[in-house]
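When reading the values below, keep in mind they use all heavy atoms of this one structure, side chains included, and skip hydrogens, waters and symmetry mates. Model, not experiment: these values are computed from the prediction. In the text below, chain A, chain B and the rest are named by the order of the sequence lines, each starting its count at 1.
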2 protein chains.
Amino acid sequence: MTLYTQVAYPGRMADLVALLRDKGLRSTPHRRAVLSALAQNPHLTVAQVGEEVTRAGSSGGPSAVTELSRQGLYNVLEDLRRVGLVRSIEPAGSPALFELQHGDNHHHAVCRSCGSVRDVPCAVGDTPCLEPSAAGDGFVVDEAEVVWWGLCAGCRDGGRADA
Amino acid sequence: MTLYTQVAYPGRMADLVALLRDKGLRSTPHRRAVLSALAQNPHLTVAQVGEEVTRAGSSGGPSAVTELSRQGLYNVLEDLRRVGLVRSIEPAGSPALFELQHGDNHHHAVCRSCGSVRDVPCAVGDTPCLEPSAAGDGFVVDEAEVVWWGLCAGCRDGGRADA
DNA sequence: CATAATTCTTGACTCAGTCAAATAAAGGGG
DNA sequence: CCCCTTTATTTGACTGAGTCAAGAATTATG
C-alpha cells in the first residue's frame, strides 16, 4: 500500500490533490487539511481534527484553512471514510477516533486509565480474525475489530493516573 | 460458572436475592427485575431494559416493578456491572448493550444492516486473544474485545434490509 | 467565463449519558 | 415489630456527540 507514504508528507499538495481525485472526490482545502492533520496525528477525535486543521492553517501551511464548521468536519470525515482514505474506531466511552487507512490490518490497545490508543500490528497477517465460520448461521464477516483493554506503561507505574 | 443457570430462571426469587447479597449488593425489586430482564433477553439497550422491566412488572411477575427512573436504571446497571453480574458492549453507532456476565469469554458479531448482535464463542479458549506481548512497550492487557462486522443471514438474503 | 454539480455553513435539534440534591427503601439492632 | 443508619432511587437540569435540512459558496468542466 502506497497510501501512507503518499499522505505522510502534508507539504506535498499535488499528492493530496491526486489522492482525492483518484477517489472521485473534489480537492478542497478542507479535505486536504484534514488529511494532513491525520497524517501527522493518528487517533484524533473530530474536535481534535478541527483544532489541528485551524492550528495548521493559522501557521500558513500548504492547506491554509483557518476555520471549518462542525458539520463540514463531519462531512469531510465521512466522505474520506466512504472512499477508504480514512478509518474510524469508537472505543467504549470515547467519541469516534479517526486515522488514515493504512491498508494494514492493525488493531488497537486502549488504556483504561488515560484513554491513550496504540496501534497493534495484527499478528495473524493481513486479514486476520476473519473466521466466518465462527459466527455461524450464515453470518458473513467483512471485518474483525479487536480492542485490547488494559493499562499503558505510564499509567501502570504512575498509579494515580487519570490524564 | 453457575451464574447463568442461577439467573436464567427469573421466577426463582431466592436465587436472585442470594446472588445480589453474595456480591454485597442489597436486594431490591429493581435490581432483581433488571437481572430477570437480562436473563431472558441478551443484548438490551438501557431503554430496552427499562421497557422489559416495566412490561414484566405490569404482568405481575415475581419482581413486580412498574416503573423506574432513567437514572435509577443507569445506577442499577452500573452496580451490577461493577460486581461482575453484568457486562456491556458498545458497538460503534449503537448505544451500550447489556448482557449477563456468563463467565465464558465470548465475543460478538454485529450486523451492519439491522444491528442485530450474535454471541460468538471464543475459539481460542477461555481467555483468548490476551497477547500482552502484541501490544508491546509495557502495555498490560486485561481484556480482549472482538467484534465481527458483517451481514446476518436475513439481511444478506433480504437485500433491502434495514430493520 | 458561465454553468451545473458538489461542498460548506448555519442553526435548530435528537439521543445517550451524567451530576447533584432531595426522597425513599433495605436490613440490622433494640 | 419498630427505629435508625446506610444504601437506593427519583427528579430535573445539564453536557457532549452527532444529525438534519436548507441556503450560500466553491469546484471543475464545457
| query | Could you state the interatomic distance from CD (Q40(A)) to CG (L100(A)), rounded to the nearest 0.5 Å? | reply | 10.5 Å
| Side chain of Q71(A) (C-beta onward), nearest among dT10(C), dG12(D), dG17(C) | dT10(C)
| request: Report yes or no: does R31(A) contribute a side-chain atom to a donor-acceptor pair with the main-chain N or O of L80(A) at less than 3.5 Å? | output: no
| field | Donor-acceptor contact present, side-chain R156(A) to main-chain G138(B), <3.5 Å | value | yes
| Should V120(A) and V146(A) count as side-chain neighbours, where that means a heavy-atom distance under 4.5 Å? | no
| note | Rounded to the nearest 0.5 Å, the CG atom of L20(B) sits from the CG atom of L35(B) at a distance of 5.5 Å
| said: To the nearest 10°, give me the bend of the helix from dC1(C)-dG30(D) to dG30(C)-dC1(D), comparing the axes of its five terminal pairs at either end. | reply: 20°
| request: For dT9(D), take OP1 and OP2 only and decide whether either is under 4.0 Å from a side-chain N or O of H30(B). | output: yes
| Can you tell which of dC8(C), dA16(C), dA12(C) lies closest to the side chain of P95(B)? | dA16(C)
| field | Interatomic distance where NZ belongs to K23(A) and P belongs to dT7(C) [whole Å] | value | 15 Å
| request: Taking the side chain as every heavy atom from C-beta outward, state whether Q48(A) and E52(A) have any pair of such atoms under 4.5 Å apart. | output: no
| Once you round it to whole Å, what is the distance between C1' of dT10(D) and CG of N75(B)? | 10 Å
| message | Rounded to whole Å, please give me the gap between CZ in R82(B) and P in dA8(D). | response | 8 Å
| Expressed in angstrom and rounded to an integer, what is the separation of E78(B) atom CD from dT7(D) atom C1'? | 16 Å
| query | Any luck finding a side-chain donor-acceptor pair between R32(B) and S27(B) under 3.5 Å? | reply | yes
| field | Position toward the 5' end of DNA chain D (nearest nucleotide), V46(A) or G72(B) | value | G72(B)
| query | Whole-Å distance between dG17(C) P and R81(B) CZ? | reply | 13 Å
| query | Heavy atoms under 4.0 Å, any strand shown: does A96(B) hit a base, just sugar-phosphate, or nothing? | reply | sugar-phosphate
| task | Figure out the CG/P separation between L68(B) and dA24(C), and round it to whole Å. | result | 17 Å
| message | Is the phosphate of dT7(C) approached by R31(A) (side-chain N or O, under 4.0 Å from OP1 or OP2)? | response | yes
| query | So do H108(A) and I89(A) actually touch side chain to side chain, heavy atoms under 4.5 Å? | reply | yes
| message | Quick check for you: among dA12(C), dC8(C), dA16(C), whose closest atom lies nearest to any side-chain atom of Y74(B)? | response | dA16(C)
| In whole Å, what is the span from the CD atom of Q48(B) to the P atom of dC15(C)? | 14 Å
| note | Counting primed atoms, P, OP1 and OP2 as sugar-phosphate and everything else as base, the B/S/- map of nucleotides 23-28 of chain D against protein heavy atoms under 4.0 Å is ----BS
| said: In the structure I gave you, are the side-chain heavy atoms of P95(A) and V46(A) within less than 4.5 Å of one another anywhere? | reply: no
| Value in whole Å for how far the P atom of dC8(C) lies from CG of D79(A) | 7 Å
| message | If only side-chain N and O atoms count, and only distance matters, is there a donor-acceptor pair under 3.5 Å linking D104(B) with H102(B)? | response | no
